[in-house]
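First listed ligand is number 1; within each ligand, the first listed atom is number 1.
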Amino acid sequence: MSDIPKCPVCTSENTYFDGTMYICPDCGAEFMRDEQSEAGDNIPRDSNGAELMDGDSVTVIKDLKVKGSSMVIKRGTKVKSIRLTDVPEEVDCKIDGSSIVLKTCFLKK
Ligand SMILES: [Zn+2]
């Protein structure tokens, strides 16, 4: 299957790429892939708005209870090598050998 996006105007699947943008022959619409603007909104950011990336080290800025356990991640805990998830507000990490999902708003690079 091709990964050419459907026309955003008429949802036709007859769209094609002309080298710079996508063209819809059915309604004449010209459009760019909207992935970029979406990605811009989905960038995981820490509490200061800094972009987070795979492998970043962060510090927890608040005592956090871990769901489903009695464990508490103390404020100031350093977390190494975070992993981004499909959800921009959450990152995976390992603390004391356990896999834990942290909210990015409680993290600081
Ligand atoms: Zn169209």
K.L.:
What is the minimum heavy-atom distance between Ser81 and Ser57, and which atoms define it?
P.N.:
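Minimum heavy-atom separation between Ser81 and Ser57: N-OG, 4.1 Å.
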
K.L.:
Which protein atoms of type N, O or S are found under 2.8 Å from the Zn ion (ligand 1)?
P.N.:
Cys7 SG, Cys10 SG, Cys24 SG, Cys27 SG

K.L.:
Is there a side-chain contact between Arg75 and Val60 in this structure, where contact means two heavy atoms from C-beta onward sitting under 4.5 Å apart?
P.N.:
no

K.L.:
Without swapping roles, check the side chain of Thr11 against the backbone of Lys6 for a donor-acceptor pair under 3.5 Å.
P.N.:
no

K.L.:
Locate the shortest heavy-atom distance separating Ile23 from Pro25; write the atom from each residue and the value.
P.N.:
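That would be O-CD, 3.6 Å.
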
K.L.:
Kindly assign one of parallel, tilted or perpendicular to the pair Tyr22 and Phe17, based on the angle between their ring planes and the thresholds 30° and 60°.
P.N.:
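Tilted.
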
K.L.:
Would you list the atom pairs, donor with acceptor, under 3.5 Å between side chains in residues 97-109 and any protein atom, with sequence neighbours excluded?
P.N.:
residue, atom, partner, partner atom, Å
Lys103, NZ, Glu90, OE2, 3.2
Thr104, OG1, Arg45, O, 3.1
Thr104, OG1, Glu89, O, 3.4
Lys109, NZ, Glu51, O, 2.8
Lys109, NZ, Asp56, OD2, 3.2

